[in-house]
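Here the structure is a predicted model, which is why all the values come from computation and not from measurement.
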Amino acid sequence: MKRLRLWPQSLVGQIIVLVAIALFVAQAINFGLLLRERNRMTLTAQTAPGVYRIVDALDSRGEPPARLRPGRARFFRAPPIPMGEARPEIERRALAMFAEVGFPMRSVQVFEEDRPPPMRRTDSIRMRVMGDMRGEPRGGRLTMAAEYAPGKWVVTQTRAGNRAPRFGGWLAWQTLILYVIVLAPLLWVGRRLARPLGQLTRSAQQFARTGSADPVEERGPGDVRELTMAFNAMRSRIFAMLDEKDRMLGAIGHDLRTPLASLRVRAESVEDEGERVRMSQTIDEMNRMLEDILSLARAGRSSEAAQKVDIAALADAVVEDFVELGAPAEMAESERAVASVRPQQIRRALRNLIENAIVYGERAHVSVVREEGTIRLVVADDGPGIAEDRMDEMMEPFTRLEGSRNRETGGAGLGLALVRAIMAEHGGALKLANRAGGGLEASLVLPV
């Protein structure tokens, strides 16, 4: 089961996610501060009227009225009987406010009743003007009792006031707008940054895969433009060096083939037939070694175009060539397997493996196997195989199981190195493994 990746892999995606998280944290802190300040202001608004009336009553203390009326304070010699729900937060705020205005109280008791106080005339007039004729105003009644001296209490009643409306929805809309304002330009800048970087990545991958790379368009922010300019300059220099290397290899090949051809002509004039045959074999060996070295040096710079090829048919044709020459090679029945390859290179790689199988393993068994996403072109032999610790070493240039360079016992040790280079150019791989029943199995793994 594929694991879900919540964290984006791209640079732009990570920047956007980090900014979004930072905005969310900032908004959460802002929400907490706003909520705290809003609660403090609401608490002060509910507490201040009662404190003001009690302070005013204490300033102009006289004969207490016959009954408690709205807006008035009344004095008692006993604490009031609790009526309603206690409001300890208003009690604490009232004690602080009394101390601030110079009237410290011994204790304060506050209770809230759902029943509102009698409607004042001003409230009635305001409701008629505003068109709100639904009855009593919203809010309950607060009863505040303050003990200003031992056993002496002053009591007043005020409106509790409406509960502060929730502002979570407003804050959510504010956060959404903030995200749009901040993340939209960031996304635009990120796209400007990611586009040339993506082109740069694709060009580098193309060079690693095919040996050629398209120039990258120099655009985007200044730093990115400098990077693409440096990449394009490096690309031009590498291509110039590779072109110079190809010209040099071509000249070397031409200069070496000319004296070899001259030696072949001179060898034909040798009267001793045995010596003439040995000289001809040596010249052929030098020609094959020269061809292998030049092919390995040019790996990754092939001019052959890729095309859709049936790998099973290609392998069957190569094996048939060996059979016609009397070599011990056989092709197993294989289903059709089409891949985009450079046919001449795949033929050469397959021939090298078959030659190795015949020389070291006495016989070559060729088969084509289709797997999920790949095609395996397998060449197995009946030889002794290769020690596990030398598998990777055998794919290095000029490496052989035995130290001589005699063609009868192998060659120059370039075959597997050339095959590996050809497979790397195709985006595939050369795999070596010992068979369970003995022998070596060499596989050309090609992507479909």
Side-chain angles (χ1 to χ4, degrees), residues 2 4-24 26 176-252 294-308 339-346 373-374 418 420-429 445-448:
K2 189 176 180 180
L4 180 63
R5 289 185 176 179
L6 299 179
W7 186 254
Q9 300 301 305
S10 66
L11 173 64
V12 176
Q14 291 181 6
I15 292 175
I16 290 177
V17 169
L18 286 175
V19 172
I21 293 174
L23 286 176
F24 178 81
L176 181 61
I177 294 172
L178 187 62
Y179 274 146
V180 172
I181 293 175
V182 174
L183 295 184
L186 186 61
L187 181 61
W188 176 76
V189 172
R191 287 176 62 86
R192 287 192 68 216
L193 179 66
R195 199 169 298 163
L197 289 179
Q199 289 184 352
L200 184 65
T201 301
R202 288 190 294 273
S203 184
Q205 291 173 343
Q206 180 187 8
F207 181 79
R209 186 174 61 254
T210 65
S212 63
D214 298 327
V216 180
E217 185 178 356
E218 297 171 1
R219 62 178 180 179
D223 294 344
V224 177
R225 283 201 306 271
E226 291 181 4
L227 175 62
T228 54
M229 290 170 61
F231 175 83
N232 287 334
M234 180 183 68
R235 168 189 169 276
S236 299
R237 183 171 178 81
I238 290 175
F239 283 173
M241 294 173 62
L242 291 175
D243 291 340
E244 182 64 25
K245 182 199 75 170
D246 289 345
R247 287 192 295 268
M248 181 182 67
L249 290 174
I252 291 174
L294 294 178
S295 297
L296 183 60
R298 291 194 181 102
R301 298 271 289 173
S302 175
S303 58
E304 183 184 6
Q307 53 185 292
K308 293 284 187 180
S340 179
V341 298
R342 295 177 172 87
Q344 294 302 324
Q345 289 190 351
I346 296 300
T374 60
L418 182 57
R420 185 176 67 170
I422 291 174
M423 296 311 299
E425 189 173 351
H426 283 79
V445 182
L446 291 166
V448 178

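Remark: E226 engages no residue in a side chain to side chain donor-acceptor pair (under 3.5 Å) (not counting sequence neighbours). Here P447 pairs with nothing under the side chain to side chain contact (heavy atoms under 4.5 Å, CB included) rule; sequence neighbours left out. Scored by the side chain to side chain contact (heavy atoms under 4.5 Å, CB included) test, M241 finds R237 as partners (sequence neighbours excluded). By the side chain to side chain contact (heavy atoms under 4.5 Å, CB included) test, T374 pairs with E371, V445, sequence neighbours left out. Under the side chain to side chain contact (heavy atoms under 4.5 Å, CB included) criterion, A26 pairs with no residue at all, not counting sequence neighbours. By the salt bridge (charged side-chain N to carboxylate O under 4.0 Å, His left out) test, E218 pairs with no residue at all, sequence neighbours left out.
Using a 4.5 Å cut-off on side-chain heavy atoms (C-beta onward), Q199 and T228 make no contact. In this structure, the side chains of L227 and V216 stay at 4.5 Å or more apart for every pair of heavy atoms.
In plain terms, the two heavy atoms of Q345 and I422 that are nearest each other are O-CD1, 3.6 Å. Shown here for V182 and V19, the closest heavy-atom pair between the two residues is CG1-CG1, 4.0 Å.
T201 OG1 to F231 CZ: the interatomic distance, rounded to the nearest 0.5 Å, is 9.0 Å. With rounding to the nearest 0.5 angstrom, the CZ atom of R195 is 11.5 Å from the CG atom of L197. In this structure, the separation between CD1 on I181 and CG on L176 is 10.0 Å, given to the nearest 0.5 Å. Rounded to the nearest 0.5 Å, atoms CG (L183) and CG (L23) are 6.0 Å apart. Between the CG atom of L187 and the CD1 atom of I16 there is a distance of 4.5 Å, given to the nearest 0.5 Å.
Listed for the S203 side chain is no donor-acceptor partner under 3.5 Å among the backbone atoms of L200.
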